[in-house]
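Structure first, commentary second.
Below, each value reflects all heavy atoms present in this structure, side chains not excepted, and no hydrogens, waters or symmetry copies. Below, read A as the first sequence line, B as the second, and so on, with proteins coming before strands; counting in each chain starts at 1.
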There are 2 protein chains.
Amino acid sequence: MSDRIAESGVQGLARQGLTGQDRGSGTALDGKGPLFDQIKRAVAGQILRGRWQAGERLPNEEELSSLYGVSRQTVHKAIALLAREGFLVRRRRAGTFVATGRRDRFALPIEDIGDVVARDGRVYEFRIRERKSLRNGEGIRWPDLPDGAPILTLECLHFSDGMPIQHEWRLVNLDAVPEVADEPFDSMAPSRWLVDRVPWSSAEHTVRAVNATAEMAALLGVEPGTACLSIRRQTMHLSRPITLVHFLSVGDRFSLSGASITDSATELNM
Amino acid sequence: MSDRIAESGVQGLARQGLTGQDRGSGTALDGKGPLFDQIKRAVAGQILRGRWQAGERLPNEEELSSLYGVSRQTVHKAIALLAREGFLVRRRRAGTFVATGRRDRFALPIEDIGDVVARDGRVYEFRIRERKSLRNGEGIRWPDLPDGAPILTLECLHFSDGMPIQHEWRLVNLDAVPEVADEPFDSMAPSRWLVDRVPWSSAEHTVRAVNATAEMAALLGVEPGTACLSIRRQTMHLSRPITLVHFLSVGDRFSLSGASITDSATELNM
DNA sequence: CCACCCATTATGTACATACATTATCGTTCG
DNA sequence: CGAACGATAATGTATGTACATAATGGGTGG
């Protein structure tokens, strides 16, 4: 504690000269960034290096606090964050344990196709092929919406340097987004318009591989049967469906990529 | 502040009778769960309902603090968490703003194929087709590994009720995981073995759609050209490659699905 | 008038304190 | 001996206080 006071008034960076040793135990804090981040790195490091094995119990907050020479609150913050990120499991009275069997998830960014194309330095265009207003159940049924609810359907093609790369088929819940009825979509693609305008709170996705039908193949300018990535996404707001969209992209012109999520290690520059 | 004292000693649940009104302003806190969660819900609610628009500036911590009748620290915790989840953007001196253009990511679970099959109530089996030890650059090149590094290659098929559903082609860095050389994999599939045994800290993924080659089609028991989902994943630990794996699954027997990530709204039961 | 500088403001971090909550573990009682 | 119970140890939450950090926006001097 007392050694803390010596450097009180020094927060965040500029703690250069002060590495672990100055905090009592000699357990390595690197002196970079906020204290709680240093603790996170130190603890995550012990785990990643196998020093603390999966399932093993960590010292309690008091002990860590004196081990690293910081207050219990600071340790608590660091450990609570690691727990939130899935590295640790905490149980009152029982203690803190290294998480076992980390089932990972990976994150795929949902990017606007226009952004992707533009980032590749290509010219993006889109064309609305069809636009219809109808009621749910009339020819089309959107399962999560009651029959008779007004729906706008949009069919759209996306181009990169003039080459078709993605087909989009979309349903929009007109009860939830009435303004869409007056939007011509002559300069802005529906997906972009919706992202910018309509708040949403959750979404579900399904990714599959399918062979292009003759019709789709013709639209996308490929041989029938070409493998395509099919992405279905339903977006909701306050548990009300907003839009249901089906993207079809030619396999060798489009891919999804991403990194693991709770990537504390990356975050922590390890 | 003073109204807080009236109920000091009451934390977490059991705050039934005390709704917003008791905290001064009448801005709705629902009295359920920790105070900072209530604040999170209240603020996220305002945003989702469009009461606070995208890009708009929120009241500062002091104001929110008196608005909700809690301390600045509690407000800070709630707001900081919402910012961490991507709902808000904070800038010192400038203030707190509702995040604009929320780029969503969605989470795909990385499940062991065996678990998936078992959950469907089917019988899971796998078969190792080939296993070789070689050095990087001899016939195969793993770009992220230096030439000459020892590699174990595994080729493997996964079955559901006797039907082939996934082909796996894997490279393992023997420098990083030497024990794998002695593992026969006669009861446990390589993926499972690795997950259970080897710590890892990050991973990269790419998902594509491809047409089955004649060879793959034969192995998977489908027509050549059938659309397949191709997943490439490289797992690292402390910035050292551990394993590089390539899964190929028949399109209509396998799909990926998941929900959006920063789903504060779901978390918050909205 | 523009560039620079500095006061101000809002967020960020750290520590101390106090009490709540929860589940484990040991003890006691039937 | 087993079930119930209560002390206890661990994490969780809330508040007060203090100061750090960053950047805005206005004022000042050239």
- [ ] Can you tell me the distance, in whole Å, between the CG atom of Leu64(B) and the P atom of dG12(C)?
- [x] 13 Å
- [ ] For His76(A) and dA16(C), give me the distance from atom NE2 to atom C1', rounded to whole Å.
- [x] 15 Å
Open item on the list: Quick test of your reading of the model: are Arg192(B) and Asp115(B) salt-bridged, counting only N-O distances below 4.0 Å?
Closed with: yes
TODO: Mind calculating the distance between NZ (Lys77(A)) and C1' (dA16(C)) to the nearest angstrom?
DONE: 16 Å
Below 3.5 Å between N/O atoms, which protein atoms pair up with nucleotides 23-27 of chain D? Just atom names and distances, please.
| residue | atom | partner | partner atom | Å |
| --- | --- | --- | --- | --- |
| dT24(D) | O2 | Arg93(B) | NH1 | 2.4 |

- [ ] Write down the distance between CZ (Phe97(B)) and C1' (dA10(C)), rounded to a whole number of angstrom.
- [x] 10 Å
- [ ] Could you check how far CZ of Arg90(A) sits from C1' of dA9(D), rounded to whole Å?
- [x] 13 Å
TODO: Using a 4.0 Å heavy-atom cut-off across all strands, classify Glu61(B) as base, sugar-phosphate, or nothing.
DONE: sugar-phosphate
Task: Pairing pattern in dot-bracket form [Watson-Crick, G-U; both distances under 3.5 Å; | = partner strand] for DNA chain C - done: ||||||||||||||||||||||||||||||
Task: Residue whose closest nucleotide on DNA chain C lies nearer the 5' end, Gln73(B) versus Thr96(B) - done: Thr96(B)
Open item on the list: Going by the rule ring-ring contact (aromatic ring centres under 6.0 Å, His included), which residues pair with Trp193(B) if we only count those two or more places apart in sequence or in a different chain?
Closed with: Phe185(B)
Task: Separation of atom CG in Leu35(B) from atom P in dT15(D), rounded to whole Å - done: 6 Å
TODO: Go through the structure and list residues passing side chain to side chain donor-acceptor pair (under 3.5 Å) with Thr96(B), not counting sequence neighbours.
DONE: Arg90(B)
Open item on the list: If you compare all heavy atoms of Met236(A) against all heavy atoms of Ile242(A), which two are closest, and at what distance to 0.1 Å?
Closed with: C-CG1, 3.9 Å
- [ ] Establish, with yes or no, whether the OP1 or OP2 oxygen of dA10(C) is under 4.0 angstrom from a side-chain nitrogen or oxygen of Arg57(B).
- [x] yes
- [ ] To the nearest Å, give me how far apart CZ (Phe36(A)) and C1' (dA20(D)) are.
- [x] 14 Å
Open item on the list: Checking Phe97(B) now: which residues fulfil ring-ring contact (aromatic ring centres under 6.0 Å, His included) with it, not counting sequence neighbours?
Closed with: none
Task: Polar side-chain contact Glu62(B)-dA10(C) base: donor and acceptor under 3.5 Å - done: no
- [ ] State which residues pass side chain to side chain donor-acceptor pair (under 3.5 Å) with His237(B); sequence neighbours excluded, sorted by chain then number.
- [x] none
Task: Between dA14(D) (C1') and Leu29(B) (CG): distance, integer Å - done: 14 Å
Open item on the list: Whether Ser71(B) contacts dA14(D) is assessed here as follows: a side-chain N or O lying under 4.0 Å from the phosphate OP1 or OP2. Is that the case?
Closed with: no
